Amino acid sequence: MSTINRQKAMNLIGLAMRAGKMITGEELTIGEIRKQKAKIVFVANDASENTRKKIKDKSSYYEVPCFELFSEAEITQMIGRPRKVFGILDAGFARKIKELIEG
């Protein structure tokens, strides 16, 4: 992913947070994945192996795209809260962020 697209994705994620279209935290995100409400999920690339596996397995089972692009520090900077896991609930935001990530 290019630096420009990475920055755009980070800006969109921050915007989704301010728009209230995001769920943060491991358990809440898993709950939204189960309800099929999370459209795209992110887990910090420096989260514990157990956390990453749990989120990726759940995402894969429910066919929700899951990415490990950002560190916990970057996620904290984007959303203003220290978190390792978050999901985007809005299909429009999710589609655009996915486009930026995949080029």
Side-chain angles (χ1 to χ4, degrees):
M1 175 160 67
S2 75
T3 312
I4 293 166
N5 279 3
R6 183 181 178 86
Q7 191 56 52
K8 283 182 181 174
M10 290 173 80
N11 291 343
L12 262 177
I13 289 166
L15 191 60
M17 177 67 188
R18 291 190 296 282
K21 304 292 184 186
M22 180 185 286
I23 189 81
T24 64
E26 187 178 335
E27 293 308 317
L28 291 172
T29 303
I30 287 174
E32 294 303 315
I33 292 170
R34 279 195 188 115
K35 290 186 225 161
Q36 307 270 298
K37 294 231 171 94
K39 307 299 181 207
I40 189 170
V41 175
F42 292 87
V43 60
N45 52 22
D46 55 355
S48 73
E49 187 62 43
N50 189 23
T51 300
R52 293 199 331 257
K53 182 180 180 341
K54 189 192 307 184
I55 297 295
K56 288 176 95 169
D57 288 352
K58 199 58 80 179
S59 296
S60 144
Y61 181 80
Y62 287 98
E63 297 180 359
V64 176
C66 180
F67 296 97
E68 286 185 56
L69 294 175
F70 308 109
S71 67
E72 184 181 357
E74 288 173 314
I75 291 172
T76 301
Q77 178 197 347
M78 282 187 284
I79 67 175
R81 297 184 190 145
R83 295 288 189 275
K84 290 180 173 63
V85 179
F86 69 91
I88 304 289
L89 304 175
D90 181 80
F93 276 117
R95 188 179 58 249
K96 186 64 183 160
I97 291 167
K98 195 167 184 250
E99 282 172 19
L100 288 168
I101 290 167
E102 293 174 345

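Being a predicted model, the structure only gives us computed values, none of them experimental.
Under a hydrophobic-cluster definition in which Ile, Leu, Val, Met, Phe, Trp and Tyr are linked whenever side-chain heavy atoms come within less than 4.5 Å, directly or via other members, Ile40 and Tyr62 are assigned to different clusters. Hydrophobic clustering places Phe42 together with Ile79 (ILVMFWY residues linked when any side-chain heavy atoms are closer than 4.5 Å, directly or through intermediates).
Note: Ser2 OG to Gln7 CD = 10.5 Å, rounded to the nearest 0.5 Å. In this structure, CD on Glu63 lies 13.0 Å from CD1 on Ile33, to the nearest 0.5 angstrom.
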Can you list the steps and then say if Ile30 with Arg34 is a side chain to side chain contact (heavy atoms under 4.5 Å, CB included)? CA-CA 6 Å; Ile30 287 174; Arg34 279 195 188 115; 3.7 Å; yes
For Thr24 and Thr29, run side chain to side chain contact (heavy atoms under 4.5 Å, CB included): C-alpha distance rounded to whole Å, both residues' side-chain angles, the deciding distance at 0.1 Å, then the answer. CA-CA 6 Å; Thr24 64; Thr29 303; 5.6 Å; no
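Between Val41 and Phe67 there is no side-chain heavy-atom pair separated by less than 4.5 Å. Glu74 has its side chain within reach of Met10: a pair of non-hydrogen atoms, C-beta onward, lies under 4.5 Å apart.
A salt bridge (charged side-chain N to carboxylate O under 4.0 Å, His left out) with Glu27 is found for exactly one of Lys58, Arg83, Lys54, namely Lys54. The residue from Met22, Lys21, Lys8 that alone fulfils the side-chain contact (heavy atoms from CB on, under 4.5 Å) condition with Ile13 is Met22.
Between Arg6 and Leu69, the shortest heavy-atom distance links the atoms NH2-O, 3.2 Å. Contact between Val85 and Ile55 at its shortest, heavy atoms only, is CG1-CD1, 3.7 Å. Contact between Ala44 and Ser71 at its shortest, heavy atoms only, is CB-C, 4.1 Å. The shortest non-hydrogen separation linking Pro82 to Thr76 is CA-OG1, 3.3 Å.
Under a cut-off of 6.0 angstrom, the local environment of CD in Gln36 is crowded, with over 12 non-hydrogen atoms contributed by other residues, nucleotides or ligands.
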Output a table of donor-acceptor pairs, distance under 3.5 Å, between side-chain atoms of residues 86-103 and any protein atom two or more places apart or on a different chain; print 'none' if there are none.
from	atom 1	to	atom 2	distance (Å)
Asp90	OD2	Gly92	N	3.1
Asp90	OD2	Phe93	N	2.9

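Annotation: side-chain contact (heavy atoms from CB on, under 4.5 Å) contacts of Glu68 (sequence neighbours excluded): Val43, Asn45, Arg52, Lys56.
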